[in-house]
Each structure stands twice: as structure tokens, then as C-alpha cells.
Q: 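One structure, as C-alpha cells, below. Some questions next.
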Number of protein chains: 2
Amino acid sequence: MTEPSAGSRAQQRRRTEERILAAARQMFAELGYERTTIRAVAKKAGVDAGLVMHYFGSKNELFSRAAELPVEELANGSPDEVAEALLTSLAKRLDGEPAASLAVLRSMLTNAEAAERYRAAGGPQLDRIAAGIPAADADLRAGLLGAIVHGVIIERYLLRLGGLADASPERIVELLRPCFRALAAAEPADPD
Amino acid sequence: MTEPSAGSRAQQRRRTEERILAAARQMFAELGYERTTIRAVAKKAGVDAGLVMHYFGSKNELFSRAAELPVEELANGSPDEVAEALLTSLAKRLDGEPAASLAVLRSMLTNAEAAERYRAAGGPQLDRIAAGIPAADADLRAGLLGAIVHGVIIERYLLRLGGLADASPERIVELLRPCFRALAAAEPADPD
DNA sequence: GTCTATAACCCGATAGAC
DNA sequence: GTCTATCGGGTTATAGAC
């Protein structure tokens with residue numbers, strides 16, 4: 001076997017593929033779908049634009065692969081547990097590099113297919129959240145919870161507006177906790 | 001004076017300009033900045049693409065004029081009044097056609113100038129909200145309030161996800177009221 | 001004032017040399 | 001596997017005819 005120096009050919013391919021995907025994720029997150037060009041992604045990854053096409057076939061396919069989100073496991077239980085699970089999930093997305101998350105969020109708003117993919121992935125997740133809320137309008141409450149999460153992320157990373165941009169995830173979560181509990185639980189006691 | 005049939009020339013011009021702006025607003029709201037083309041706006045307004053350029057000079061200038069937002073008057077007073085003012089403002093933006101509002105929101109995420117304009121307009125407004133909140137972290141609380149408003153609008157109109165898309169503004173406001181009060185007021189009473 | 005024609009430049013995708 | 005050349009299409013913006 002004429003084993004080459006650095007891994008098999010398949011390994012080599014996977015590595016450059018991963019480099020291209022990383023570059024694409026970053027650019028989709030920063031510029032959105034329309035303004036990211038295959039040429040620019042290729043240059044950033046240090047390869048030729050034709051190679052990107054060779055690997056992924058089309059810009060849309062490249063986006064699909066770059067925007068694949070690890071399915072978030074969301075424990076469902078009591079209303080308070082639902083609220084807490086959402087809060088920790090938010091906290092996790094609030095520090096570190098949310099490149100993949102931002103790529104979807106930003107592109108979703110300009111690319112129809114991205115929006116559709118997100119709806120398909122986010123819908124069932126909202127349903128799972130709604131299942132843990134003991135109220136007639138559980139779906140609306142779940143929708144509001146999701147909206148708040150998105151609003152916070154967008155305001156912090158995309159708009160960089162107000163005190164949200166540099167606040168610590170812990171303080172954000174702390175301030176949001178009463179909100180989430182109020183939305184996840186039915187009204188605690190309404191004596192009339 | 002050889003007065004023509006329908007208004008002066010200046011009036012005629014203003015009317016077609018307004019027609020172009022209405023078409024532009026709608027398309028910017030639906031497609032975002034990048035995907036709306038001057039050609040399409042012109043066709044929608046029933047004029048020639050060259051005429052749009054003649055009137056507005058550039059696509060960016062057309063967007064600036066189309067995305068001019070009426071400055072929202074926001075009464076500030078006690079924390080509860082701040083929360084209530086925000087809620088009624090949200091309710092107003094939640095029914096009817098929020099074309100201008102959506103044009104900015106959607107384009108903001110891909111167009112640098114739109115983002116800058118929004119930051120310039122939204123920053124002071126957040127400051128005014130923060131001024132009515134008696135807490136050390138008033139700016140963060142104001143930022144969160146703004147984030148929730150944006151999240152709800154985005155989720156309802158742009159993503160059309162979950163039960164938020166077809167819920168009545170009144171129910172949304174009702175569910176959000178405890179959230180807003182909790183964020184606008186310092187903790188009411190914490191007996192420990 | 002309105003529209004046609006076109007310049008100058010980008011893009012995604014394809015075909016084919018090496 | 002990698003890259004060059006190019007096709008066919010789109011865009012903004014300009015120049016000029018009517």
C-alpha cells in the first residue's frame with residue numbers, strides 16, 4: 001500500500017470540505033445568503049471557486065450543509081422546568097461564537113428556503129415546548145417564548161443595540177427568568 | 001396661465017414619486033434590500049426603471065426615502081406607564097400592514113446603512129425607555145424590552161412561526177404584560 | 001418628463017485542460 | 001482533484017433620443 005503522508009484521500013477531502021464549510025458559515029452569518037458569494041467563500045477557505053461547486057453542487061446546497069443545526073435536546077417536564085431548560089439553552093447560545101446559529105437566523109430573513117428549513121425544524125420544537133405548558137393557549141405562549149429568544153439573540157449579535165450587546169449571559173438570563181416563568185406557567189393564583 | 005387638467009407639474013411629480021415609494025416599501029419589506037431590484041419596483045409602480053433612477057439617484061437613496069420611519073412618540077413616566085406605553089405601541093404595530101417597519105427590520109439584517117439608520121433611531125428611544133426604569137441596570141432592561149418587541153414582530157411577520165402568526169394583538173399584549181412589568185419595574189417585594 | 005439602449009460589472013454554473 | 005476560461009444571466013447606473 002502506497003500510503004501517502006497525510007491521511008487517506010477521503011480524509012483529505014473531508015478536511016478541505018470542513019474548511020470550506022467553516023468559511024461559509026462565517027460569511028453566511030455576517031452577510032446573509034444573498035451577499036455571500038461562492039467566490040468569496042472559496043477565497044476565504046484558500047481553494048478555488050470551481051472546487052466548491054464540485055463538492056457541493058450549488059450555492060443552495062452549500063448553505064444547507066453550512067446551516068445544519070445540531071438538534072437541541074430540550075427536556076420537557078413541569079412548566080418551571082420548561083422555562084429553566086429554555087433559559088439555559090439561551091445562555092449557551094449567548095456566549096461563545098454563535099456562527100451557525102447566526103447564519104440561519106440572518107439568512108432566514110432573506111432566503112425563502114432557509115426560512116422554510118427553519119420553520120420545519122423549529123415548529124416541532126415549539127410543539128414540544130407547548131406540550132409542557134398547562135394552558136389553553138399553550139401554543140401562543142410557546143411562540144412568545146421562542147420570539148423572545150430570537151429577539152435577544154438578534155438584538156445582541158445582529159443589531160448590537162443597547163446594553164444587550166455587552167451584558168453577561170448570566171444577567172440576561174436572570175432578568176428574563178420571571179418572564180419565562182410567567183409565560184410557561186398558567187397564572188399562579190387568580191382569586192376572583 | 002395654461003393650467004393643465006390634473007394639478008401642477010410638481011404635484012404630478014410628487015404623486016408618481018409617492019407611488020414609487022409605496023411600491024419600494026412593500027418590496028423592501030417582502031424581499032429585503034438585496035433581492036429588491038429597481039426594475040421590479042419600477043414595474044410595480046407602473047413606471048420606467050430609468051425614471052426611478054432619475055428621481056432618486058441610486059438604490060440606496062431610494063431605500064433611505066422608503067424606509068423613513070415616523071418617529072414614535074413614547075410617553076415616559078412611572079415604570080408601569082413605560083410598560084403600558086410599550087405594550088400599546090406594540091399592539092399598534094401588530095395589526096394592520098407594517099410595511100415601513102418591516103422594510104427596515106428585514107433590510108437591516110443585510111444592509112449596513114439600514115442597520116446604521118436603525119441604530120441611530122432606536123438608540124435614543126431605548127435611552128428614553130431606560131430613563132423611566134428605576135434600576136441600576138436600566139439600560140439592559142430597556143434593551144431586553146426592545147428585543148422582545150422585535151422578536152415578536154419578526155416571529156409573527158417574517159418567520160410566521162407557531163401560534164404567533166394568527167393570534168390577536170390583544171391576547172399577545174395580555175400575555176406579555178407581566179413580562180413587561182417585571183422588566184420595567186424593580187423587583188416589587190422580595191421578603192427574605 | 002419619459003423611455004430605450006447600453007455600458008460596466010457582478011454573479012452562479014458549466015466544460016474542459018492539466 | 002484542481003484550476004482556467006467562459007457562458008448566460010442578472011444587476012446598477014449612465015447617455016441620450018423623443
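A, B, ... follow the sequence lines: proteins, then strands. Residue 1 opens every chain. Keep in mind that the numbers below use all heavy atoms, side chains included, and drop hydrogens, waters and symmetry copies. Here the structure is a predicted model, which means the values were calculated and not measured.
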Q: I'd like to know if the side chain of A:Ser64 and the backbone of A:Asn60 have a donor-acceptor N/O pair within less than 3.5 Å.
A: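 Yes; at least one donor-acceptor contact below 3.5 Å.
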Q: Taking the axis from the first five pairs and the axis from the last five, what angle separates them in the helix from C:dG1-D:dC18 to C:dC18-D:dG1, rounded to 10 degrees?
A: 10°
Q: Could you tell me how far apart B:Gln11 (CD) and C:dG1 (C1') are, to the nearest whole angstrom?
A: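 So the two atoms are 16 Å apart, to the nearest Å.
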Q: Classify the nucleic acid contact of A:Tyr55 as base, sugar-phosphate or nothing, counting any heavy atom under 4.0 Å across all strands shown.
A: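 Sugar-phosphate, backbone atoms only, no base.
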Q: Any base atoms under 4.0 Å from B:Thr16, or only sugar-phosphate, or nothing? Heavy atoms, all strands.
A: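 Nothing, no nucleic acid heavy atom in range.
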Q: Measure CD/B:Gln12 against P/C:dG1 and give the value in whole Å, please.
A: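 In whole Å, C:dG1 P and B:Gln12 CD are 10 Å from each other.
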Q: Is the backbone N or O of B:Ala45 less than 3.5 Å from a side-chain atom of B:Arg19, with the two atoms forming a donor-acceptor pair by type?
A: yes
Q: Check this for me: A:Arg14, atom CZ, are more than 12 non-hydrogen atoms of other residues, nucleotides or ligands nearer than 6.0 Å?
A: no
Q: Answer yes or no: is there a donor N or O on one side and an acceptor on the other, between the side chain of B:Thr88 and the main chain of B:Ala85, under 3.5 Å?
A: yes
Q: Could you state the CG-P distance from A:Leu51 to D:dT4, rounded to the nearest angstrom?
A: 12 Å
Q: Closer than 3.5 angstrom, by distance alone: can the side chain of B:Arg106 be matched with the main-chain N or O of B:Glu30 as a donor-acceptor pair?
A: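 Pair found, side chain donor or acceptor close to backbone of B:Glu30.
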Q: Figure out the CZ/P separation between A:Arg35 and C:dG12, and round it to whole Å.
A: 13 Å
Q: Measure all distances between protein nitrogen or oxygen atoms and nitrogen or oxygen atoms of nucleotides 13-18 of chain C, and list the pairs falling under 3.5 Å.
A:
unit_1 : atom_1 : unit_2  : atom_2 : d
C:dA13 : OP2    : A:Lys59 : N      : 2.9

Q: Give a yes or no on whether a salt bridge exists between A:Glu68 and A:Arg25, defined as a side-chain N under 4.0 angstrom from a carboxylate O.
A: no
Q: Answer yes or no: is there a donor N or O on one side and an acceptor on the other, between the side chain of A:Arg141 and the main chain of A:Ile129, under 3.5 Å?
A: no
Q: Could you state the atom-to-atom distance from CZ of B:Arg19 to P of C:dG1 in whole Å?
A: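 Whole-Å distance recorded here is 15 Å.
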Q: Round to a whole Å and report the spacing from CD of A:Glu34 to C1' of C:dC11.
A: 12 Å
Q: Any donor-acceptor pair under 3.5 Å linking the side chain of B:Arg160 with the backbone of A:Arg119?
A: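 It does not hold such a pair.
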Q: Specify the separation, in whole Å, of atom CG of A:Asp48 and atom P of D:dT6.
A: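 Going from A:Asp48 (CG) to D:dT6 (P), I get 15 Å.
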Q: Rounded off to whole Å, could you give me the CZ-to-P distance for the B:Phe56 and D:dT14 pair?
A: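 Rounded to whole Å, this separation is 16 Å.
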Q: Just say parallel, tilted or perpendicular for the rings of B:Tyr33 and B:Phe28, cut-offs at 30° and 60°.
A: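 Because their plane-to-plane angle is under 30°, the rings of B:Tyr33 and B:Phe28 count as parallel.
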